[in-house]
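Heads up, the thing below is written out as structure tokens.
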Protein chains: 2
Amino acid sequence: MMPDQEKGLSSLRRALALLRIVARGDPAGMRLKDIASAAGCSQSTAHRALQDLMAEGFVEQVEGGKRYRPSLDFFVLAARAGQAGGIRDLARPVLLRLATTLSDTIFFLVRNGYDAVCLDRVEGPFPIRSFTGDIGGKVPLGLGQGSLAILAHLPEAEQEEVIRFNIPRLIDRGFLDEAGLRAAIARAREQGWVNLNTGLIPGMAGAGVPVIDTQGRPVAALSVGTLAERLGPERLPGVVRILKTEADNLAAGLNPFDVTLRYPLRSLSNVRP
Amino acid sequence: MMPDQEKGLSSLRRALALLRIVARGDPAGMRLKDIASAAGCSQSTAHRALQDLMAEGFVEQVEGGKRYRPSLDFFVLAARAGQAGGIRDLARPVLLRLATTLSDTIFFLVRNGYDAVCLDRVEGPFPIRSFTGDIGGKVPLGLGQGSLAILAHLPEAEQEEVIRFNIPRLIDRGFLDEAGLRAAIARAREQGWVNLNTGLIPGMAGAGVPVIDTQGRPVAALSVGTLAERLGPERLPGVVRILKTEADNLAAGLNPFDVTLRYPLRSLSNVRP
DNA sequence: TGATATTATTCCGATATATGGAATTTTTAT
DNA sequence: ATAAAAATTCCATATATCGGAATAATATCA
């Protein structure tokens with residue numbers, strides 16, 4: 001039906017595309033036919049590639065069935081990729097300290113192109129739903145406290161580019177118009193931190209601060225999510241102060257690492273510009 | 001130097017091996033030469049494959065450098081694979097309830113061949129170091145509370161096979177001899193749960209229960225890790241009871257899913273039999 | 001800073017491998 | 001039980017892959 005993807009992909013690229021399709025597909029598994037058609041290649045080709053993907057342990061078949069799904073070994077393998085150059089291990093003690101000090105849910109996000117990715121999270125006593133969702137979740141820069149904190153501290157030109165790219169995506173997700181976003185950015189930049197009550201759930205609120213590396217780039221963010229009543233005027237300033245202190249601690253350990261990432265890889269980000 | 005891996009791997013298999021090497025390598029990135037030699041192929045081949053892996057977003061180069069490392073997009077992609085057929089979403093509310101009720105750190109493990117993999121974890125107020133470490137971490141079955149709980153409830157033949165396979169690995173990690181393991185298994189099987197003080201850190205303790213699916217297979221485990229003083233004779237029975245209740249809840253939701261995994265994929269598990 | 005060694009990247013022809021359509025087998029649906 | 005759909009295997013052909021050699025880019029050291 002739909003016009004073929006770009007022709008002449010190497011067999012490897014095609015196979016990787018298959019892996020992506022399976023990984024993004026139904027966790028309960030996908031049928032060969034659907035995988036092949038999603039990839040725009042013949043079933044034979046898809047079949048052979050999937051056999052190899054299975055042999056290498058990236059994909060498995062549901063026992064007794066034919067459906068393919070990503071394997072646990074794949075998950076284990078990629079969990080290491082969440083290090084993003086080692087930053088996650090650096091951040092972990094910071095998160096634990098924050099969670100203990102504040103008794104709220106703490107998030108650690110890093111920038112990845114036009115998005116922020118949740119690398120780690122420590123729960124507080126109240127279940128919090130965040131935009132990023134789980135560890136490994138992704139949000140457009142600008143959506144949510146930490147994500148907005150990063151966006152607000154980007155160099156102007158880059159910020160502008162991200163805004164242009166993300167506006168449609170943000171609107172798609174039902175939040176903010178461009179004016180609102182720009183106002184929020186201005187406020188965040190001025191204050192050096194973000195405080196939003198526009199949580200997913202009424203009664204929830206959060207605050208976020210950027211983690212600025214030695215080159216002045218906002219490579220990550222720390223944020224806290226909690227009950228709105230726990231971020232009232234009396235507590236908020238203290239929370240922000242503590243977040244900022246820990247963000248500085250984290251930034252101090254960052255020098256040896258280069259967490260600046262290359263530009264977004266379209267192939268993996270199903271964004272619509 | 002070392003004899004070539006099996007010859008005649010398809011280009012895809014070889015490229016996947018490269019991906020695995022990079023993902024397992026230094027989080028700060030690996031040099032082409034080292035990748036190529038680790039994979040036993042020419043640099044040209046490795047180079048071309050890595051270009052494709054980058055184009056598809058599985059690998060990235062440290063900005064300004066040449067080193068290759070797994071990309072964040074890869075991490076994001078695979079985070080979904082941790083679903084293992086959907087079980088993680090089922091377990092999440094259970095974990096949150098347990099954490100709230102017990103105020104201790106809760107782990108959720110699933111079996112994967114000869115190993116247990118940590119799929120999720122909710123922290124309590126005390127930092128706990130577990131054998132699995134982070135989410136995505138892996139331990140040989142038998143090491144740690146949850147992992148032992150799974151092993152202890154396997155059908156006898158399968159249990160025997162796992163024991164034989166894992167004994168060297170367990171000894172390698174400095175724990176238990178075979179007799180000790182078998183004793184611990186017997187106790188666990190009898191009680192229906194596991195309680196160990198042989199934590200990584202003196203003063204820590206934990207307890208674990210298996211999650212048994214409708215076919216009677218121990219597909220997963222719930223465990224708690226905390227201060228030894230919080231698992232004394234007065235509190236332990238209650239903790240175990242609560243764990244068992246939640247394990248049953250979880251098992252009840254399990255029917256529609258098939259979490260039984262195929263046999264261990266050697267290629268991804270760097271185990272030494 | 002300049003010279004040199006190491007590593008990364010490109011090029012290339014021979015060869016092995018991937019490709020999709022058709023045939024066959026297995027599974028699912030009726 | 002039968003029919004329909006999906007999965008898997010087979011095959012001839014076209015094409016992409018391979019590693020060695022040449023070149024370019026970096027890192028190392030004086």
Side-chain angles (χ1 to χ4, degrees), chain A residues 1-22 25-26 28-56 58-70 256 258 260 262, chain B residues 1-19 21-22 25-26 28-56 58-71 256 258 260 262:
Chain A
M1 252 331 188
M2 64 184 58
D4 277 357
Q5 321 277 74
E6 6 206 353
K7 264 291 181 208
L9 280 191
S10 71
S11 71
L12 173 52
R13 303 240 347 224
R14 181 161 296 171
L16 292 171
L18 288 177
L19 175 54
R20 200 165 45 231
I21 288 166
V22 173
D26 186 340
M30 288 182 77
R31 294 186 313 180
L32 174 64
K33 192 199 172 196
D34 298 327
I35 298 170
S37 90
C41 65
S42 73
Q43 287 191 205
S44 336
T45 301
H47 183 258
R48 257 173 300 107
L50 285 166
Q51 295 307 314
D52 282 350
L53 285 164
M54 280 185 38
E56 292 293 328
F58 287 80
V59 159
E60 68 191 9
Q61 277 182 309
V62 176
E63 182 154 297
K66 297 295 175 186
R67 305 176 93 94
Y68 298 88
R69 68 180 180 196
D258 174 7
T260 310
R262 289 225 162 155
Chain B
M1 253 330 188
M2 65 183 59
D4 276 356
Q5 321 277 72
E6 6 207 353
K7 265 290 180 208
L9 282 190
S10 69
S11 71
L12 173 52
R13 304 250 333 237
R14 180 159 299 170
L16 292 172
L18 289 176
L19 175 54
I21 287 166
V22 172
D26 186 340
M30 288 182 77
R31 293 187 314 178
L32 174 63
K33 193 201 172 194
D34 299 326
I35 299 170
S37 88
C41 67
S42 72
Q43 287 189 203
S44 333
T45 302
H47 184 259
R48 256 174 300 107
L50 285 166
Q51 295 307 314
D52 283 349
L53 284 164
M54 280 184 45
E56 292 294 328
F58 286 81
V59 159
E60 67 191 11
Q61 278 182 308
V62 177
E63 180 155 301
K66 297 295 175 185
R67 304 176 94 93
Y68 297 89
R69 67 179 182 198
S71 74
D258 173 8
T260 310
R262 291 227 160 155

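Numbers restart at 1 for each chain; the letters A, B, ... are given by sequence-line order, proteins then strands. Computed from a predicted model, the values in this text were never measured in an experiment.
Taking atom CG of residue Leu53(A) and atom P of nucleotide dA18(C), one finds them 13 Å apart after rounding to whole Å. Taking atom CG of residue Asp52(B) and atom C1' of nucleotide dA16(D), one finds them 11 Å apart after rounding to whole Å. One interatomic measurement links the two molecules: NZ of Lys33(B) to P of dT9(C), which rounds to 15 Å at whole-angstrom precision. The nearest whole Å value for the distance from the CG atom in Leu50(A) to the P atom in dT19(C) is 12 Å. The CZ-P distance, from Arg31(A) to dT8(D), rounds to 12 Å in whole Å. Leu32(B) has its CG atom 13 Å from the C1' atom of dA25(D), to the nearest Å. Regarding Asp34(A), its CG atom lies at a distance of 8 Å from the P atom of dA6(D), rounded to whole Å. We find that CG of Leu12(A) is positioned 14 Å from C1' of dT17(C), with the value rounded to whole Å.
Contact annotation: His47(A) does not reach the phosphate of dA7(D) (side-chain N/O to OP1 or OP2, under 4.0 Å). Proximity of Ser42(A) to the phosphate of dG20(C): a side-chain N or O atom is located under 4.0 Å from OP1 or OP2. Distances shown here put a side-chain N or O of Lys66(B) below 4.0 Å from the OP1 or OP2 atom of dT9(C). Phosphate proximity of dT17(D) to Arg48(B): absent, as no side-chain N or O sits under 4.0 Å from OP1 or OP2.
Nearest-nucleotide positions on DNA chain D for Ser11(A) and Tyr68(A) put Tyr68(A) closer to the 5' end. Two residues, Ala46(B) and Gln43(A), neighbour DNA chain D, and the one matched to the more 5' nucleotide by heavy-atom proximity is Gln43(A).
Distances from the side chain of Gln51(B) to the nucleotides dT9(C), dT8(D), dT19(C) place dT9(C) closest.
Counting heavy atoms from C-beta on, the side chains of Thr45(A) and Arg48(A) come closer than 4.5 Å. You'll find the side chain of Leu19(B) reaches within 4.5 Å of the side chain of Phe58(A), heavy atoms only. Side chains of Arg31(A) and Arg67(A) form a contact here, defined as non-hydrogen atoms less than 4.5 Å apart.
When each of Gln51(B), Arg69(B), Met54(B) is tested with Val59(B) by the rule side-chain contact (heavy atoms from CB on, under 4.5 Å), just one qualifies, namely Met54(B).
Heavy-atom minimum distance, Lys66(A) versus Gln61(A): O-NE2, 3.0 Å.
In this model, a side-chain donor or acceptor of Ser44(B) finds a partner on the base of dG20(D) within 3.5 Å.
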